[in-house]
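Residues take their numbers from the sequence shown, with the count starting at 1. These figures come from a predicted structure and were not determined experimentally.
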Amino acid sequence: MRKFGIIAAVAAFSVVGVAGCTQNINPTDADRAIVGAATGYTIQTVRGKGGGDRLRGAAIGGAAGALCDDFGLCQ
C-alpha cells in the first residue's frame with residue numbers, strides 16, 4: 001500500500017507539471033482536467049497496469065489537473 005501512495009504522489013506532481021504547460025492558452029479547469037486525465041491514464045499504461053488501474057490513474061490525474069490552479073501549483 002505504501003508503494004501505491006508514493007506512485008500516486010509522483011503521478012500527481014507529474015500531472016500538475018504537465019497541466020501547467022497549458023498556461024499560454026489561458027486554460028480552464030476542464031482543459032487542465034483533460035490533460036491530467038490523459039497523463040494519469042498514460043502513466044498507468046506505461047506501468048503495464050490493467051483497465052481498472054488505468055481508470056483510477058485517469059481519475060487521479062483529472063482531479064489533480066482540475067485543482068492544481070486552486071492550490072497555486074500551475075499558475
Side-chain angles (χ1 to χ4, degrees):
M1 187 65 170
R2 182 172 183 214
K3 183 178 178 182
F4 173 76
I6 292 170
I7 292 169
V10 170
F13 285 117
S14 299
V15 167
V16 169
V18 171
C21 293
T22 61
Q23 289 177 345
N24 293 332
I25 60 169
N26 200 11
T28 64
D29 284 341
D31 295 331
R32 286 187 290 272
I34 291 168
V35 170
T39 304
Y41 186 89
T42 302
I43 289 170
Q44 292 296 73
T45 301
V46 168
R47 291 184 58 226
K49 299 298 181 177
D53 289 330
R54 290 178 185 174
L55 294 177
R56 187 177 305 124
I60 292 170
L67 297 174
C68 72
D69 68 323
D70 295 334
F71 293 104
L73 298 173
C74 61
Q75 294 179 358

Legend entry - Flag, side chain of Gln44 to backbone of Asp53, donor-acceptor distance under 3.5 Å: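 Answer holds: yes.
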Inset, instruction - Considering non-hydrogen atoms only, spot the tightest contact between Arg32 and Cys68 and give its length. - result: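 Closest approach of Arg32 to Cys68: CD-SG, 3.6 Å.
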Inset, instruction - First locate atom OG1 of Thr28, then atom CG of Asp69, and finally report the distance between them rounded to the nearest 0.5 Å. - result: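 Answer rounded to 0.5 Å: 9.5 Å.
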